[in-house]
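In this chain, residues are counted from 1 in sequence order.
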Amino acid sequence: MNKLAIVLPVFVFVVVLGSNLLNMPHVSILTILLSIFWAAVVALVIFGLIRFLSWWMLH
């Protein structure tokens, strides 16, 4: 479960970031930074859900 908690958020981050960068209407520094920010937020949510699930299964 620990390996999943690392691999899955990284995979989600890469996929969401790639999707955001490919679908940008205008390329600028702000849109690139926002894409990175939202991809990181999604990856952190996935990481938190996996950690919560592993805690829930142990208790």
Original post:
Taking only residues two or more places apart in sequence, or in another chain, which ones meet L44 in a side chain to side chain contact (heavy atoms under 4.5 Å, CB included)?
Top reply: none

**OP:** Apply side chain to side chain contact (heavy atoms under 4.5 Å, CB included) to L34 and list each qualifying residue two or more places apart in sequence or on a separate chain.
**Re:** L30, W38

Subject >> Check: V27 main-chain N/O paired with T31 side-chain donor or acceptor under 3.5 Å >> reply: no

Subject >> Under the side chain to side chain donor-acceptor pair (under 3.5 Å) test, residues paired with W55 that sit two or more places apart >> reply: H59

Original post:
Do M24 and L21 touch side chain to side chain, with heavy atoms closer than 4.5 Å?
Top reply: yes

Original post:
Testing V41, V42, I46 for side chain to side chain contact (heavy atoms under 4.5 Å, CB included) with V16, which one passes?
Top reply: V42

**OP:** Output the distance between atom CZ (F47) and atom CG (L4), rounded to the nearest 0.5 Å.
**Re:** 10.5 Å

Original post:
Is it the case that more than 12 heavy atoms not belonging to L58 sit under 6.0 Å from its CG atom?
Top reply: yes

